[in-house]
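Only one structure is covered here, and it is reproduced in the block below.
Throughout, protein chains are lettered first and strands after them, A, B, ... in sequence-line order, and every chain is numbered starting at 1.
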Amino acid sequence: EEKYTTSISKGLTSARAAEILARDGPNALTPPKSTPEIIKFLKQMVGGFSILLWVGALLCWIAFGIQTAQGVASAFDNLYLGVVLALVVILTGIFAYYQEAKSTNIMASFSKMIPQQALVIRDGEKKEVPAEQLVVGDMVEIKGGDRIPADIRLIFAQGCKVDNSSLTGESEPQSRSCDFTHENPLETKNIAFYSTTCLEGTATGMVINTGDHTIIGRIASLASGVGNEKTPIAIEIEHFVHIVAGVAVSIGVLFFIIAVSMKYKVLDSIIFLIGIIVANVPEGLLATVTVSLSLTAKRMAKKNCLVKNLEAVETLGSTSIICSDKTGTLTQNRMTVAHLWFDDQIYSADTSEEQTTQSFDQSSQSWAALSKIVTLCNRAEFKPGQENVPIMKRVVVGDASETALLKFAEVILGDVMGIRKRNRKLAEIPFNSTNKFQLSIHETEDPNDKRFLLVMKGAPERILERCSTIMINGEEQPLDRERAEAFQTAYMELGGLGERVLGFCHLYLPEDEFPDTYPFDTDSMNFPTSNLCFVGLLSMIDPPRSTVPDAVSKCRSAGIKVIMVTGDHPITAKAIAKSVGIISANSETVEDIAKRLNIPVEQVNKQDARAAVINGMELKDMTTEQLDEILINHSEIVFARTSPQQKLIIVEGCQRQDAVVAVTGDGVNDSPALKKADIGIAMGIAGSDAAKNAADMILLDDNFASIVTGVEEGRLIFDNLKKTIAYTLTKNIAELCPFLIYIIASIPLPIGTITILFIDLGTDIIPSVALAYEKAESDIMNRRPRHKKKDRLVNEQLAVYSYLQIGILQSVGAFLAYFTVYAEQGWLPNTLLGLRVNWEDDYYNDIEDSYGQEWTRYQRTYLQWSGYTAFFVSITIQQVADLIIRKTRRNSIFQQGLLRNKVIWVGIFSQIAIALILCYGLGSVTALNFTPLRVQYWFVAMPYAILIWVYDEIRKLFIRQYPGSWWDKNMYY
Amino acid sequence: MAALNEKKTCSQRMENFNRFVWNPDTGQLMGRTLINWVWISLYYVAFYIVMTGLFSLAIYSLMRTINPYTPDYQDRLKSPGVTLRPDVYGEGGLEIYYNVSDKNSWEKYVTTLHKFLSAYNTTAQHANINCTSEKYFFQHSFLGPNKTKYSCKFTSDMLENCSGLANSTFGFPEGKPCLIIKMNRIINFLPGNGTAPRVSCTAQHDDFSPLELQYYPVNGTFNLHYFPYYGKKAQPTYSNPLVAVKFLNITRNAEVTVVCRVIGTGITSDNPHDPYEGKVEFKMKIQD
């Protein structure tokens, strides 16, 4: 104690405390350095395609500047276009920023846990000081209900129990005393941790760590030290942005050079460059992706998966390993009676969530005796006023095992409280760790029987020691060696199932020795506690949730490895793992093989064992290579007795195998692992705030099965995003070709930049979102998770097929409409070639068309806008076909059904409605460059739309007919 | 995801790229084997040939539906544009700026006019017929040579003093320049509804003395027998009728903005977007 220059009775002096405070800093967690909001905002402004569009806008303004200096009349077009482009960037930036701002800061909940005041002894007096001012060496007093202000070594404790759930996730109260019981500070009983709660009792202790040095502080810094990894979908989108930006820049630069070398003015070439950039960038796509993801997130929320980080929606779909917690996730987080042993026989009890009756044989007299002990020797009680609540859901005051027993009794016997009332309790010795039993003495409900009943339960071996007889079929028989062995076998068997076993015994106290008025005194124990009659064993377990085994097998067929990581005992962990199928029925661990073959563990070929149960202690001594070896060689792995740091190591180990790792957890201790995981899943009911903050997703019902639904949705959205992107990319070519042909063939511009923006941000938005509602083409839960590096969102096939096949088809269709409009108005295709310079000459007001008519500049411009509109309408019409073909990637559209996704039709109608409004409603607004179009021009591209559909059906047919063929490899995206 | 976040060094990137270009293990060139490249190229060649074929077919059938004499629609040609000769543009549009005493300053205008009128000399117009009627010259059948329709003669001497024949300088040195107004051709367009459309020029800001003008032909009319126009194929030798305007009293050393309108039913000159529809606006400044 002198080490901290303090005194147990007087505490520190104020001066010394101030000194240490100055040295160590306040007792508070340092918040992580947060990026200023404005920086985050600006980051959104330059991310993705934004930078390209900024360049476009800037070029527009430069062109505007130069043109105004030259006095060109149309210069303002460039100004407007620049403003529109900037607006597009800013709006999508704000949208993305808003999405990101929703994700909350992990540190926020840690700071909430800091207690406000602490009672310390300083200068020999008790004082209330703010907890931030605590220093190492301070003597602190705590009582039930307090939050512990720092890491404290207890010097004096009375009945002190703490709830470490914020630290370990296990909510069972743990007693604290001043005995040093374990070398590991986390396990020893004389240390209470910062931020945990003292449930009952009082204690005095000395502060040994403050602020960031506390255990929780270390975990917090571990959690914030773990960087936010990019989600797989973020990487995919980045990859896609790179592809598109690469295409845009290279085509832009290439044609800039071509334009300049074709003796175009540099200014004109710059304007071409803007057009190429705008045509190439799918302006609305990133917003569409966000909307699609949030739609899926909403759908998942309905299925109890609350997604905090939108991108996590897809991450779940690409998950290849799930590291699951045991308690609460795989199990019901509720002790339940699983087995009984009486009359030399083991009975199993129903452990499902909704049990209302128990079906084992209840006719035996032994059971009657046992049930009486279970009912009476129990301090747990239902909270009043829950008569209408199902028994399993009632709230109980009492510890986990007693609760289990109470509910078990209530289910079978009914009205436990009434039975207890009729068998009045006279004396009681509660369970304590030295005795390891609990005892109570009751009157019997039979008014003729004046004997008292002594009932006892506790650790089976201790109970057995106190017994001389055993009840078999309701009759007391001497407890001979043979009976004792039968007991041992049963005890071992139940223990081997990972269950917590309790022994029960009773004794009717003889009436003559213990008359009505006998004063029972629990301190002096003036009643017999040995030579009792052993009645039976009950074993309890936190049983698996009934939906879990099914969910685990679904994961398995979906190629996802489920690893159990728990702080629990290896035997219990293994038993639960077996019962939920994480370790399948016929696989063995190395130890099992050794046992079966009767050889030492070292001789077993590790490759033979599919399953592995690894203890935290073994893990501690393992090198990274050894861990990798285990993760690779065994398909069914259970980690038991693991610490938070080890959980992190396991997650990192999985990630080294290139796996996308999902981690579930609920305690503060899990938050580093949750953060490190590709997707952290916190429990909504049992989870601590820190875990929820660190996680990307919250399971509202704490149920593992919900994860599987999440995986399914995640995979579906990946497929559907592929479709969305393919849909969107296609028309980029139809927007780009006009510029390229305009430059090379010098024809009047077929489509304007503003018009392109109307496609990208107008007609195309709703249809591309509609693809997110598309149903899966096949059972997506029967294929392996996508490989993070090989199965890209935008792969070569997708880009090539969209750009070079469907895109080109679309361009051809749109060009046909363009040529038709011009030809029918007097400009035949051959006249158009090479016409550009004269066409765009403001001073040439009598250009002859193919028929000898003469046109002013404005008449030509107006015709040019009709051309834009025709081109626009044709793209829209063909995009309808594109939308329909993108519904499926492999199946025929008839297999998928045209009507199953109704949103698609909303998309199609909206697309056409917007086009109609733009064409006929806004056709008179000159700034928009639309003109009312003759009705027949809407149908020019129709044959090409049909051609697109037929071509794609043929493509899909061959893909289905010849899987693995050259066609399949090159045409399936 | 640690692996993905590893920063690759430049040399690694280069190595990866080289491996992509030529992978000796699998014999892959840019991600494909040579034979694979051949196949994919063949496929695309075939695909594009079919595409081109389809497009050509479509354009061919489009051309088949097109009437060679008149366009299907004249949606944008409701009213003819009007242009000025000489057409010399400066900062603010059409500008006739010159100095009477400086021959170089007006010579370009004169040359432009001579060049323009060369299409109207007797030799150039000899294929056309003389028309005397004051009515529209409707021709329902192809009576002209080579299945064409007749066009009426318009010769430069019809512009009398502004023909450039008697006064080869078009009055520029005298400060009384001749300018020529031309109306754009529109097929089957019948201007004036039976009355010959005429040109009328006014100064936009009448702070100077009103313009004194002389129009040629008299009254500045476009004779109706030049209309309707039947198109290039039917009337290959057709030439637009012209009206010359001689400005007699332009204030010296001052900029005068002049608007010349063609007045007649069916000819609008109030389109706010199109400054050349039915009218032409220009600036004049004659210096001493």
Side-chain angles (χ1 to χ4, degrees), chain A residues 71 227 229-232 235 652 655-656 658 660-661 678 788-789 796 800 804-805 808-809 812-813 815-816 819-821 823-829 842-863 866 926 931 934 940 943-944 947 966-967 969-970, chain B residues 1-5 31 36 39-40 43-44 47-48 51-52 54-55 58-59 62-63 65-78 80-84 87 89 91-94 182-187 189 229-236 238 240 271 273-277 280:
Chain A
E229 306 290 344
K230 266 186 198 152
T231 57
I235 292 171
E652 281 168 345
Q655 284 174 339
R656 270 199 301 280
D658 263 350
V660 176
V661 186
D678 296 289
K788 195 151 78 164
K789 286 183 187 160
E796 184 197 318
V800 167
L804 296 184
Q805 298 189 27
I808 295 287
L809 258 169
V812 170
F815 265 106
L816 182 61
F819 281 122
T820 310
V821 168
E824 296 196 338
Q825 298 284 349
W827 300 87
L828 300 182
D842 284 344
Y843 299 143
Y844 202 165
N845 281 295
D846 49 0
I847 297 187
E848 264 184 53
D849 65 13
S850 317
Y851 292 90
Q853 307 184 97
E854 290 167 324
W855 296 63
T856 66
R857 168 70 173 131
Y858 179 75
Q859 287 162 341
R860 299 191 308 261
T861 308
Y862 204 74
L863 178 60
S866 300
T926 44
T931 64
R934 282 181 179 272
V940 176
Y944 281 88
L947 181 65
W966 177 88
W967 183 274
K969 276 184 205 140
N970 284 289
Chain B
M1 212 161 311
L4 269 181
N5 286 349
N36 214 323
W39 280 115
I40 197 90
Y43 183 79
Y44 274 95
F47 182 81
Y48 289 132
M51 272 307 93
T52 320
L54 278 174
F55 186 67
I59 291 290
L62 171 69
M63 297 306 281
T65 65
I66 296 277
N67 181 336
Y69 291 98
T70 52
D72 295 7
Y73 305 110
Q74 291 167 296
D75 295 339
R76 309 293 161 239
L77 297 176
K78 298 291 179 220
V82 173
T83 52
L84 178 80
D87 46 349
Y89 288 87
E91 288 262 314
L94 283 164
K182 172 176 110 19
M183 190 165 71
N184 281 355
R185 293 190 293 256
I186 295 177
I187 289 173
F189 181 65
Y229 174 53
Y230 285 112
K232 202 152 92 177
K233 195 172 166 80
Q235 294 179 308
Y238 181 89
N240 303 27
N271 186 336
H273 301 295
D274 191 351
Y276 295 95
E277 188 179 305
V280 61

[Y] side chain reached by [X] side chain, heavy atoms, under 4.5 Å:
X: A:F819; Y: B:I59; result: yes
X: B:Q74; Y: A:Q853; result: yes
X: B:R76; Y: A:T931; result: yes
X: B:Y276; Y: A:Y858; result: no
X: A:R857; Y: B:P275; result: no
X: B:M51; Y: A:L809; result: yes

[X] versus chain B, heavy atoms under 4.5 Å apart: side chain, backbone, both or neither?
X: A:S850; answer: backbone
X: A:W855; answer: both
X: A:D846; answer: both
X: A:Q805; answer: both
X: A:V661; answer: neither
X: A:I808; answer: side chain

Does any heavy atom of chain A fall under 4.5 Å from the side chain of [X], the backbone, both, or neither of them?
X: B:L62; value: side chain
X: B:N67; value: backbone
X: B:Y238; value: neither
X: B:F189; value: neither
X: B:Y73; value: both
X: B:T52; value: neither
X: B:I40; value: both
X: B:M183; value: backbone

### Query
Under 6.0 Å from the NZ atom of B:K233, do we count more than 12 heavy atoms belonging to anything else shown?
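No, because the 6.0 Å sphere around NZ of B:K233 holds 12 heavy atoms or fewer from other groups.
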### Message
Other residues, nucleotides and ligands only: do more than 12 of their heavy atoms fall within 6.0 Å of CH2 on A:W966?
### Response
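Buried by this count: over 12 neighbours within 6.0 Å.
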### Message
B:D274: which residues meet the salt bridge (charged side-chain N to carboxylate O under 4.0 Å, His left out) condition with it, sequence neighbours left out?
### Response
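Expected list: none.
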### Query
With A:R934, which residues qualify under salt bridge (charged side-chain N to carboxylate O under 4.0 Å, His left out), at least two apart?
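Scan of A:R934 (salt bridge (charged side-chain N to carboxylate O under 4.0 Å, His left out), adjacent residues dropped) gives B:D75.
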### Task
For side chain to side chain donor-acceptor pair (under 3.5 Å), just list the numbers for B:N240 and A:E854, CA-CA rounded to whole Å, side-chain angles, deciding distance to a tenth of an Å, and then say yes or no.
CA-CA 11 Å; B:N240 303 27; A:E854 290 167 324; 3.0 Å; yes
Return the minimal non-hydrogen interatomic distance between [X] and [Y], and the atom names on each side.
X: B:G81; Y: A:T856; result: CA-CG2, 3.4 Å
X: B:P71; Y: A:Q825; result: CB-C, 4.1 Å
X: B:N184; Y: A:N845; result: ND2-O, 3.0 Å
X: A:L804; Y: B:Y44; result: CB-CE2, 3.7 Å
X: B:F55; Y: A:V812; result: CD1-CG1, 3.4 Å

### Query
Do you know which of B:H273, B:Q235, B:R185 has the most heavy-atom pairs under 4.5 Å to chain A?
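The answer is B:R185.
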### Message
Looking at chain A, which one of B:P68, B:P80, B:G231 has the largest number of heavy-atom pairs inside 4.5 Å, strictly under?
### Response
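The residue among B:P68, B:P80, B:G231 with the greatest pair count is B:P68.
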### Message
Measuring centre to centre across the rings, with the benzene-like ring taken for any Trp, is B:Y43 within less than 6.0 Å of A:W967?
### Response
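For B:Y43 and A:W967, the ring centres are under 6.0 Å apart.
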#### Entry: Backbone of A:Y843 reached by a side-chain donor or acceptor of B:Y89 within 3.5 Å
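Looks like yes, one N/O pair under 3.5 Å.
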### Query
What is the distance from atom CG of B:L77 to atom CD of A:Q859, rounded to the nearest 0.5 Å?
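Rounded to the nearest 0.5 Å, the CG-CD separation comes out at 5.0 Å.
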### Residue selection (most heavy-atom pairs with chain B, distance under 4.5 Å) from A:R656, A:E652, A:E848
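When all of A:R656, A:E652, A:E848 are compared, A:E848 has the most.
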